[in-house]
**Student:** 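Have a look at the structure that comes next, please.
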Amino acid sequence: MYRHFLTSLIAIVAVAFLDAVFVGSLPFGLHRLHLLPLALIFVLLLSNIRLASWWALVGGLVLELFSFRFFGSYLIILFIVLAIIQFMFEKVITNRSIYSIVIISAVVTVVWDLFFLVVDYQTEIIAYGGLEIIKIMILSLIANILAASLTFYTINAFSRRFRPVFLSFRK
């Protein structure tokens with residue numbers, strides 16, 4: 001039990017640390033990648049809501065340590081994102097296919113970007129105008145969908161969790 005807890009804790013801190021420190025310095029628009037919300041999608045898909053809630057809480061606290069935003073902004077948006085992911089997997093999209101991952105990662109990316117656009121960048125909306133903001137959001141959407149698809153196919157290559165199961169009838 002302690003081994004599973006310690007492994008999960010190290011993974012949460014590593015993903016949040018990479019999101020806060022490493023991703024921001026990537027070139028070619030990859031700095032718009034959101035690792036922790038994408039990790040929440042796959043943790044919820046592969047595990048349960050309890051573990052995903054721990055990922056949101058601990059990951060949000062780690063992101064808060066490296067942030068200059070108001071305290072709690074990452075926690076608020078991560079739990080909103082987690083609720084959206086849970087709702088979409090339960091009520092809207094119930095299969096585990098690449099299409100569901102792409103749709104959910106697109107929705108999560110738009111919600112994440114709109115939240116921080118409203119909270120942080122009111123002056124940038126006025127300075128840049130709507131066209132530049134839309135271009136930035138499309139770049140973010142493309143980067144996150146590609147990352148989610150790549151992660152899906154990587155997990156699919158090594159695991160049977162996403163493969164469809166067909167029932168066979170015996171006589």
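It should be emphasised that the depicted structure is a prediction, and the values quoted were computed from it without experimental measurement. Values below: every heavy atom of this structure, side chains too, minus hydrogens, waters and symmetry copies.
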**Student:** Just to verify, what does Phe17 make a ring pair (Phe, Tyr, Trp, His ring centres under 6.0 Å) with, not counting sequence neighbours?
**Tutor:**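 Partners of Phe17 under the ring pair (Phe, Tyr, Trp, His ring centres under 6.0 Å) test: Phe66.
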**Student:** side-chain contact (heavy atoms from CB on, under 4.5 Å), that's the test. Do Ile98 and Asn156 meet it? Break it down for me.
**Tutor:** CA-CA 10 Å; Ile98 187 66; Asn156 199 18; over 6 Å; no
**Student:** What closest approach, in Å, do Leu40 and Ala52 show between heavy atoms, and which atom pair accounts for it?
**Tutor:**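 So the minimum-distance heavy-atom pair works out to CD2-O, 3.3 Å.
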**Student:** Check side chain to side chain contact (heavy atoms under 4.5 Å, CB included) between Ile93 and all other residues, then give those that pass, not counting sequence neighbours.
**Tutor:**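 By the side chain to side chain contact (heavy atoms under 4.5 Å, CB included) rule, Ile93 matches Met88, Asn95, Ser100, Ile103, Ile104.
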**Student:** Closest heavy-atom contact between Val81 and Pro37?
**Tutor:**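 Looks like CG1-CB, 4.4 Å.
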**Student:** Checking side-chain contact (heavy atoms from CB on, under 4.5 Å) for the pair Phe89/Ile84: CA distance, chi angles, key distance, verdict?
**Tutor:** CA-CA 9 Å; Phe89 275 135; Ile84 290 170; over 6 Å; no
**Student:** Testing Leu9, Ile12, Leu82 one by one against Trp55 for a side chain to side chain contact (heavy atoms under 4.5 Å, CB included), which residue passes?
**Tutor:**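 Among Leu9, Ile12, Leu82, the one that satisfies the side chain to side chain contact (heavy atoms under 4.5 Å, CB included) with Trp55 is Ile12.
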**Student:** Quick check: does any side chain N or O of Glu64 sit under 3.5 Å from a backbone N or O of Gly72, one acting as donor and the other as acceptor?
**Tutor:**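 Checked: pair present.
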**Student:** Tell me every residue that passes side chain to side chain contact (heavy atoms under 4.5 Å, CB included) with Ser140, counting only those two or more places apart in sequence or in another chain.
**Tutor:**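 Ser140 satisfies side chain to side chain contact (heavy atoms under 4.5 Å, CB included) with Arg32, His34, Thr109, Asp113, Asn144 once adjacent residues are dropped.
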**Student:** Could you tell me which non-hydrogen atom of Ser105 sits nearest to which non-hydrogen atom of Ile145, and how far apart they are?
**Tutor:**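 Scanning both residues completely, I find the closest heavy atoms to be OG-CG1, 3.9 Å.
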**Student:** Which residue in the set Ile80, Leu78, Leu36, Leu38 passes side chain to side chain contact (heavy atoms under 4.5 Å, CB included) when paired with Trp112?
**Tutor:**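 By the side chain to side chain contact (heavy atoms under 4.5 Å, CB included) criterion, Trp112 pairs with just one of Ile80, Leu78, Leu36, Leu38: Leu78.
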**Student:** Of the non-hydrogen atoms in Leu75 and Leu57, which two are nearest, and what is the gap between them?
**Tutor:**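 Residues Leu75 and Leu57, closest heavy atoms: CD2-O, 3.5 Å.
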**Student:** Mind checking whether Phe116 and Tyr74 have ring centres under 6.0 Å apart?
**Tutor:**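 Yes, they do, as the ring centres are separated by less than 6.0 Å.
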